[in-house]
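Okay, so here's the structure we're looking at.
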Amino acid sequence: MNSGTYTPTQSLRGILASHPDLLTTLSRFGIPLGFGDKSVENVCREADVDCTTFLAVISILTGHLPNAAAEEISLPTLLGYLRNSHRYFLNFALPRVRRDLIEAISGEGSGELSMMILKFYDDFVVEVDRHMTEEEREIFVPVGTMIEGRAVPGFSIESFSTGHRPMDSKLRELKEIFVCHYHGDTPSRADLLNSVLLDIINCGNEIAAHARVEDMLLVPAVRGIEDNLEPGHAAASAAAVEGDTQTLTPREKEIVAAIAHGLGNKQIADRLCVSVHTVTTHRRNICAKLDIHSPAGLTIYALIHGIISIDEIRP
């Protein structure tokens, strides 16, 4: 991916002329048509959409890197877009593909084969529905709470990030079935098959791009507010700002001791009642301060400075 080149002063009409596939994105942001030659920033202002977030999303959708840092992203705007995207896929795009698929394969030689293809597609839709419903409940609702300034105990965006996978693999399989193995029995049937195949490809691309927006914008933006809501974050940040390269905070000493005892990040997080991401952040700060990066080196440091005793780590 290259860095996006979109700017607030560009004409939105001009961007759409180069990327007409972005038209469906407008409704997901709540941006109506009829904006003439207005700039992106003017269109966004009139629609009450954060311009920076809009530009970051369309950059990713068109194969570029966003030009915005995580802290510049408006989570309310992004969350609204992602929720509307879920509704777009479940209520419009996927049902439309299904209707076209039924028309394309009905009347073919083997009714049983047609039913198998349709079931394959329906099973995929069930998976997408389950995936997006869980995201709404497990991710979007907690993030909405955090936007309001309230911590959500037990929630970690890292858990979502680690297990997040694109949902378009079955559509790619269906595309391969049609391209490599399926034959229409008449020229008109072939036109229908080619049309639904194009729909399948486009829908798969949109679902894959949706996952990229979540990975590249939602996850880092939530990390930022997650850190600010974590207990002890202010103390850790203050130490980093002061540029203290030797003295560890009490929390950092706890983490060094835990590392010396052989605990992993998840175990440390459970012991200290913080998120895994918070532990990772502290470890990064500790290593930067001390210029010591291995568990063995940190153990030696802890012994030298009396953070632990040799008896604590003897087998």
Between the side chains of [X] and [Y], does any donor sit under 3.5 Å from an acceptor?
{"X": "T278", "Y": "T281", "value": "no"}
{"X": "Y81", "Y": "T53", "value": "no"}
{"X": "E135", "Y": "H131", "value": "yes"}

Taking all heavy atoms of [X] and all of [Y], pick out the closest pair and write down the distance.
{"X": "T52", "Y": "E72", "answer": "CG2-O, 3.9 Å"}
{"X": "I157", "Y": "R223", "answer": "CG2-CG, 3.7 Å"}
{"X": "M146", "Y": "I225", "answer": "CB-CD1, 3.6 Å"}
{"X": "G36", "Y": "R13", "answer": "O-CB, 3.5 Å"}
{"X": "S59", "Y": "P66", "answer": "CB-CA, 4.1 Å"}
{"X": "A68", "Y": "A56", "answer": "CB-CB, 4.4 Å"}

I'd like to know if [X] and [Y] make a salt bridge, using a cut-off of under 4.0 Å between side-chain N and carboxylate O.
{"X": "E206", "Y": "R28", "answer": "yes"}
{"X": "E46", "Y": "K38", "answer": "yes"}
{"X": "E173", "Y": "K170", "answer": "no"}

Can any side-chain N or O of [X] pair as donor or acceptor with the backbone N or O of [Y] at less than 3.5 Å?
{"X": "S39", "Y": "S11", "value": "no"}
{"X": "Y121", "Y": "L94", "value": "yes"}
{"X": "S27", "Y": "T24", "value": "yes"}
{"X": "E214", "Y": "A211", "value": "no"}
{"X": "H261", "Y": "A257", "value": "yes"}

Practice task
Evaluate the ring planes of H86 and F140, with Trp represented by its six-membered ring, and classify them as parallel (under 30°), tilted (30 to 60°) or perpendicular (over 60°).
Solution key: parallel
Fill in the blank from the handout: The reported gap from CG in L101 to CG in L193 (rounded to nearest 0.5 angstrom) is 9.0 Å
Problem - Stepwise side-chain contact (heavy atoms from CB on, under 4.5 Å) test for I58 and Y6 - result: CA-CA 9 Å; I58 67 170; Y6 305 120; 3.9 Å; yes
Practice task
Would you check, one step at a time, whether the test side-chain contact (heavy atoms from CB on, under 4.5 Å) holds for I139 with L218?
Solution key: CA-CA 10 Å; I139 306 300; L218 178 67; 4.2 Å; yes
Say whether [X] and [Y] are linked into one hydrophobic cluster, either directly or through other cluster members, by side-chain heavy-atom distances under 4.5 angstrom.
{"X": "L290", "Y": "I300", "answer": "no"}
{"X": "I308", "Y": "I310", "answer": "yes"}
{"X": "L22", "Y": "L198", "answer": "no"}
{"X": "F155", "Y": "V141", "answer": "no"}
{"X": "I304", "Y": "I292", "answer": "no"}

Exercise for the section: Using the side-chain contact (heavy atoms from CB on, under 4.5 Å) rule, take T9 and V40 through it: C-alpha gap first, then chi angles, then the decisive distance, then the call. Expected result: CA-CA 6 Å; T9 57; V40 174; over 6 Å; no
Exercise for the section: Evaluate the side chain to side chain donor-acceptor pair (under 3.5 Å) criterion for residues S195 and D199: first the C-alpha distance (whole Å), next the side-chain angles of each, then the deciding distance (0.1 Å), finally the verdict. Expected result: CA-CA 6 Å; S195 176; D199 287 343; 4.6 Å; no
Exercise for the section: Check step by step if side chain to side chain donor-acceptor pair (under 3.5 Å) holds for H210 and Y88. Expected result: CA-CA 11 Å; H210 173 78; Y88 164 78; over 6 Å; no
Handout entry: Verdict with reasoning, V97 to V125, per side-chain contact (heavy atoms from CB on, under 4.5 Å)
Key = CA-CA 11 Å; V97 170; V125 173; over 6 Å; no
Handout entry: Counterpart residues, ring pair (Phe, Tyr, Trp, His ring centres under 6.0 Å), relative to F35 (two or more places apart)
Key = none
Exercise for the section: List in chain and number order the residues that pass side chain to side chain contact (heavy atoms under 4.5 Å, CB included) with T280, two or more places apart in sequence or in another chain; answer none if no residue qualifies. Expected result: N265, V276, R284
Exercise for the section: Run through T25, T62, L61 and flag the one making a side chain to side chain contact (heavy atoms under 4.5 Å, CB included) with H19. Expected result: T62
Problem - Greater than 12 external heavy atoms within 6.0 Å of R271's CZ - result: no
